[in-house]
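Every heavy atom of this structure was used, including side-chain atoms; hydrogens, water molecules and symmetry mates were not.
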Amino acid sequence: MKANHDKLKLFILFAVSILVYSNTLNHGYVLDDFSVIKDNFVVQQGVDGVSTIFKTHYRYGYGFQTPTLYRPLTLSVFALQWELAPDTPALAHAMNVLTYGVLVCLIFLFLQLLFQQQRPWLAFVTALLFALHPIHTEVVANIKSFDELLAFSLVLISLYQLVKYVDLKQKKSLLISLLLFLLACISKESTVTFLGIIPIILTLFRNVKWNRALQLSSFYLGPVIVYLLARKSVLGSFGGSNQIVALDNVLVSAPNELTRIASAFKIMGLYLWKMLIPHPLMNDYSLQQIQLTNWSDPLVWISFIIYLGLIYLLFKTWNKNKILAFTIGFYLVSISLYTNLAFTIGTSFGERLLFIPSLSFCLLLAFGILYPFQKQLQFSSFKTATKPLILTAIIGLVYGFKTIDRNAAWKDNFTLYSTDVKNCSASARCQYYYALGLMKHKANEVDSEIEKKEILNESILALNQALTIYPSYAEAYAQRGLAFYRLKNFSAALYDYQQAVKYNPGLSNAWSNMGSLYFEQKQYQQAKQSFEKAIQVNPNHVDALANYASTLGTLGDFNSAITYFKKASALKPTEPSYYQMIGVTYQNMGRNDLATPYLQKAQALSR
């Protein structure tokens with residue numbers, strides 16, 4: 001009977017998880033999906049690119065020269081998806097949703113293993129609330145965040161095998177657990193926080209003494225060290241580049257340490273609030289959506305006191321209430337990487353960062369729902385749990401409707417930007433992305449030149465706002481320059497491109513766009529120099545390579561032009577214009593014999 005009930009619970013959990021995210025299956029690429037999939041030339045090599053993925057940093061295939069992250073297993077999955085169905089976001093979204101469904105089932109099975117027969121409904125209600133909680137929309141609806149789904153799934157199976165080892169003393173389970181932990185590390189580096197969660201699990205739920213629990217936890221340093229050595233080999237250091245700017249994390253602009261710590265505690269309070277009240281939800285909380293504060297701010301003290309209270313309750317409940325102790329311990333350890341207290345990370349706040357820590361909130365909420373009915377919940381029968389399940393259903397319906405509604409915003413970039421700019425108008429990046437959406441999506445959907453001009457002018461207003469908030473925003477200058485270029489205001493465009501590379505000399509797009517502007521004005525030497533700068537900072541910038549080749553051909557350097565057209569075609573082998581230009585260049589050299597095969601290939605690709 002119990003086995004049948006468990007199967008029914010698993011079916012419900014999986015079905016609910018799929019149902020609430022089914023409206024993401026027809027979505028496109030959004031935000032970082034472009035840098036890790038859509039515009040990543042290594043991922044687009046499919047299976048052939050996997051070896052390169054393991055030898056290079058996370059955004060190498062997008063042209064980023066600064067190494068910061070190393071997540072080869074996640075990128076390899078994206079490469080496999082591209083191999084199976086190139087440029088098909090529907091497949092990737094389906095993979096995210098299915099993986100989420102599996103993850104929710106794993107949460108149920110793992111918690112059930114921890115609690116054994118003592119709390120037959122707690123694991124189910126916790127997993128159900130986790131499946132429906134709206135704070136997870138960014139992770140599930142954004143393809144790039146498959147790294148969170150994969151890493152958490154692998155960690156849960158790893159922990160399941162560890163607990164089995166403790167229960168049954170099967171060395172095979174421990175070896176499997178260690179291997180899975182390594183795979184989780186190379187999916188996402190935040191896996192390392194579970195080094196602190198393992199002893200909490202073992203001491204609370206398996207009565208393992210602390211010295212033995214720490215000894216078992218130390219085994220997992222092996223996979224972590226292997227990951228860190230691989231990371232150092234690829235990135236050049238264990239931490240990678242630490243070039244964090246205020247635009248990404250406002251805390252780096254704090255004038256002193258007291259201000260930084262106060263602001264960090266206020267942000268930590270926001271994490272708690274977003275789990276409790278997941279509204280409004282936004283994709284961006286950067287400068288100045290979250291602002292620096294000081295110790296005179298009451299919210300700083302409220303957050304500080306709450307966290308002190310959590311630490312006190314952790315020790316107070318350790319021997320009295322294992323569920324509450326585990327809930328608090330799991331949250332504090334899993335959120336620790338994102339607090340910006342001990343060290344500053346690449347962002348001040350992100351909803352996706354609550355994905356794993358939110359399990360503790362769902363467990364606490366489930367515990368609170370079931371606690372008044374604990375006497376009648378001795379069995380796993382649905383009849384004995386009618387009242388708490390009704391209460392869970394009411395909360396779940398609210399969560400579910402909010403999740404489905406929020407999913408709609410993640411349809412594409414413009415939908416997301418235009419939805420969120422209403423709530424994050426103080427964010428420089430939010431204004432920037434809204435302008436980007438207007439330029440790249442809305443403007444391209446209209447045929448009327450008058451409407452296009454109106455949209456481009458609207459984008460310029462948003463970029464003006466972004467630059468008012470963050471005057472040294474190089475990317476905003478570059479995009480405003482592009483908007484001016486499309487409006488035929490070439491002098492304003494050139495000024496903005498120059499400002500962009502002034503504030504960020506490594507901005508290859510700005511150099512490339514500046515080169516295109518010079519080329520159009522027949523200033524070929526200036527165009528040549530600009531394209532050379534673009535290629536210098538990003539040797540894989542395909543547009544810069546092709547435009548540089550065109551410039552060289554115009555200047556009569558045909559051999560060099562062919563060399564760079566070939567480099568562009570190697571990076572983008574399905575682009576017919578590159579082969580066409582190689583053929584035309586050979587014709588200009590009087591080598592029709594060499595031109596013919598390239599012209600034929602261009603014609604074949606154009607069909």
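Rounding to the nearest 0.5 Å places CD1 of Ile356 at 6.0 Å from OH of Tyr338. Between the CG atom in Asp557 and the OG1 atom in Thr551 there is a gap of 11.0 Å [rounded to 0.5 Å]. Expressed to the nearest 0.5 Å, how far OG of Ser348 lies from CG of Leu353 amounts to 9.5 Å.
Between Glu189 and Arg71 there is a salt bridge, since a side-chain N of the basic residue sits under 4.0 Å from a carboxylate O of the acidic one. Between Arg429 and Asp248, at least one side-chain N (NZ, or NE/NH1/NH2) sits under 4.0 Å from a carboxylate O, which counts as a salt bridge. The residues Asp33 and Lys38 are annotated as not salt-bridged, no charged nitrogen and carboxylate oxygen being separated by less than 4.0 angstrom. Between Lys528 and Glu532, at least one side-chain nitrogen of the basic residue sits less than 4.0 Å from a carboxylate oxygen of the acidic one, meeting the salt-bridge criterion.
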Evaluate the criterion side chain to side chain contact (heavy atoms under 4.5 Å, CB included) for residue pair Asn283 and Trp410; output intermediate values, then yes/no. CA-CA 9 Å; Asn283 75 87; Trp410 287 87; 4.1 Å; yes

Dump the intermediate steps for ring-ring contact (aromatic ring centres under 6.0 Å, His included) on Tyr497 and Tyr477, then the final yes or no. CA-CA 6 Å; Tyr497 290 148; Tyr477 275 114; over 10 Å; no

Apply ring-ring contact (aromatic ring centres under 6.0 Å, His included) to Tyr518 and Tyr524, showing your working. CA-CA 7 Å; Tyr518 279 131; Tyr524 300 121; over 10 Å; no

Given side chain to side chain contact (heavy atoms under 4.5 Å, CB included), test Tyr598 with Tyr586 step by step and report yes or no. CA-CA 9 Å; Tyr598 287 98; Tyr586 274 128; 3.8 Å; yes

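Atom CZ of Phe11 has 12 or fewer heavy atoms from other residues, nucleotides or ligands within 6.0 Å. A 6.0 Å sphere centred on CD of Gln521 holds more than 12 heavy atoms belonging to other residues, nucleotides or ligands. Other residues, nucleotides and ligands contribute more than 12 heavy atoms inside 6.0 Å of the NZ atom of Lys452.
Within the 4.5 Å cutoff, the side chain of Arg486 has heavy atoms near those of the Met439 side chain.
A donor-acceptor distance shorter than 3.5 angstrom exists from the side chain of Asn457 to the backbone of Lys453, with no hydrogens or angles considered. Looking at Thr468, its side chain does come within 3.5 Å of a backbone N or O of Asn464 through a donor-acceptor pair. Put simply, the side chain of Glu454 never gets that close to the backbone of Glu449: no donor and acceptor are under 3.5 Å apart. Under the 3.5 Å distance criterion, the side-chain polar atoms of Ser606 are matched with a main-chain donor or acceptor of Ala602. Side-chain atoms of Asn96 come within 3.5 Å of backbone N or O of Asn142 as a donor-acceptor pair.
Nearest heavy atoms, Leu494 versus Met514: CD1-CG, 3.8 Å.
Taking the six-membered ring for Trp, Tyr473 and Tyr503 have ring centres at least 6.0 Å apart. Taking the ring centroids of Tyr417 and Tyr433, they lie under the 6.0 Å cut-off.
Partners of Asp32 by salt bridge (Lys or Arg N to Asp or Glu O under 4.0 Å), not counting sequence neighbours, listed by chain and number: Arg59. Partners of Lys567 by salt bridge (Lys or Arg N to Asp or Glu O under 4.0 Å), not counting sequence neighbours: none found. Residues passing the side chain to side chain contact (heavy atoms under 4.5 Å, CB included) test with Asn407 are Tyr21, Asn23, Thr24, Thr137, Ala141, Thr403, sequence neighbours excluded.
In this structure, Arg231 fails the cation-pi test against Tyr70, since its NZ or CZ atom is not both closer than 6.0 Å to the six-membered ring centre and inside 45 degrees of the ring normal.
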